[in-house]
Amino acid sequence: MSTTAAALDRDFFARPPRAVAAGLIGCTLLHRGVGGIIVETEAYERDDPACHAFGGPTARNAPLFGPPGRAYVYLCYGIHSMFNLVTEPDGIAAAVLIRALEPTAGLDAMRTRRGLERDRDLCSGPGKIGAALAIELSQSGADALSEPFTLLAAGTGAEVVAGPRIGLSKAAEYPWRFCLAGSPFLSRPAG
DNA sequence: GGTATGATTGACT
DNA sequence: GTCAATCATACCA
C-alpha cells in the first residue's frame, strides 16, 4: 500500500453486524498503538439468543443500545476481557466480537503482557486480545473511532470465509464467524 | 441477602 | 481428549 490506510468511520458500523463482521476482516485494530490486522470476527444480532442484548437492556449491555462504532467490553469466565464493536443505528443493539488478530504493532508489549514469544499465539482468541492489547472493562461504552483506539480500513484482496460460531451455549450453529482465509493467526481453523 | 453461569484459556491425563 | 480457574453480572429470595 503506497498510501496511508483510511480510518473507519461511523457509517462503516451503521450496518447489520454480519456485513460489518465480514468487512472488518483485513482491517487494523490498535489500542494505544498496540494491535494488528483483524483476521477473525463473530456477529451477534439483536434477535439472537446468544446476543447479550437478547434479554433486553441491563447495566452491562447498555453500550449495545447506543450509537455504532463504540466498544462493548465484558468479562468472561471471570478472567477474559472480550472486545466487541457496536453496529447498526442507535438502539438496535447488535455487535461484532473481535476474535483474533495478526499482530503487527507493539509486539514487545504484547509478548510481555502475554508472557509468550510466538507471534502466532499472542492474539489468537478473544480473551488473548483483551490481554495483549490491555483492554479494560472500564472501556466498555467508549468510542472506538477515536483515541486510544485506532481502526484502519483493509487493504485489497482479503478472502473471507464464513463458518459456525464458537463456544456458545445457544445458537452456535449460525454461520456468523468470519475468518481471513488461510491465516495462521486464527483461534481455530476456518470452516 | 445468596447463588448460578459464561461469546475462554491453559494445564493436565 | 478432559477439566479447573475466577469474578462481574443476572436473577431469585
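In what follows, chains are A, B, ... by sequence order, proteins preceding strands, each numbered from 1.
If you check dT6(C), dA8(C), dA7(B) against the side chain of I79(A), the one that comes closest is dT6(C). Of the candidate nucleotides dT8(B), dA7(B), dG10(B), dT8(B) has the atom nearest to the side chain of Y77(A). Ranking dT8(B), dA8(C), dA10(C) by closeness to the T58(A) side chain, first place goes to dA10(C).
Atom CZ in R60(A) sits about 12 Å away from atom C1' in dC11(C), given to the nearest Å. The distance between atom CG of L64(A) and atom P of dA10(C), rounded to the nearest whole Å, is 11 Å. Rounded to whole Å, the distance from CD on E42(A) to C1' on dT8(B) is 12 Å. Regarding R188(A), its CZ atom lies at a distance of 11 Å from the P atom of dT9(B), rounded to whole Å. Per the geometry, CG belonging to L75(A) stands 18 Å off P belonging to dT5(B), to the nearest Å. When the P atom of dA8(C) is taken as reference, atom CD of E136(A) falls 13 Å away, rounded to whole Å. Rounded to an integer number of Å, the gap from CZ of R46(A) to C1' of dA7(B) is 17 Å. One atom, CG of N61(A), and another, P of dA10(C), lie 7 Å apart when rounded to the nearest Å.
Remark: dA7(B) base-pairs with no nucleotide in the shown strands. Criterion, Watson-Crick or G-U wobble with two distances under 3.5 Å. Shown here, dG1(B) forms a base pair with dC12(C); the pair counts as Watson-Crick or G-U wobble because both key distances fall under 3.5 Å.
With hydrogens and angles left out, the side-chain atoms of S183(A) and E102(A) include no donor and acceptor closer than 3.5 Å.
If L168(A) and D121(A) are placed on DNA chain B by their nearest nucleotide, the residue sitting closer to the 5' end is L168(A). Between L137(A) and H80(A), it is H80(A) whose nearest contact on DNA chain C lies nearer the 5' terminus.
Remark: E42(A) engages R99(A) in a salt bridge, criterion side-chain N to carboxylate O under 4.0 Å. Under the 4.0 Å criterion applied to side-chain N and carboxylate O atoms, D48(A) and K170(A) are not assigned as salt-bridge partners.
By the 30° and 60° cut-offs, the orientation of the rings of Y174(A) relative to W176(A) is perpendicular.
At dA7(B), none of the side-chain N or O atoms of K170(A) fall inside 4.0 Å of OP1 or OP2 (strictly under the cut-off). Distances shorter than 4.0 Å separate none of the side-chain N or O atoms of R114(A) from OP1 or OP2 on dT9(B). Remark: H52(A) is in phosphate contact with dA7(B), judged by side-chain N or O atoms under 4.0 Å from OP1 or OP2.
Under the stacking definition used here (centres under 5.5 Å, planes under 30°), the residue Y44(A) qualifies as stacked on the base of dA7(B).
R99(A) comes within 4.0 angstrom of sugar-phosphate atoms only, judged by non-hydrogen atoms across all strands, and of no base.
Hydrophobic clustering, with ILVMFWY side chains joined whenever heavy atoms are under 4.5 angstrom apart, keeps L97(A) apart from L85(A).
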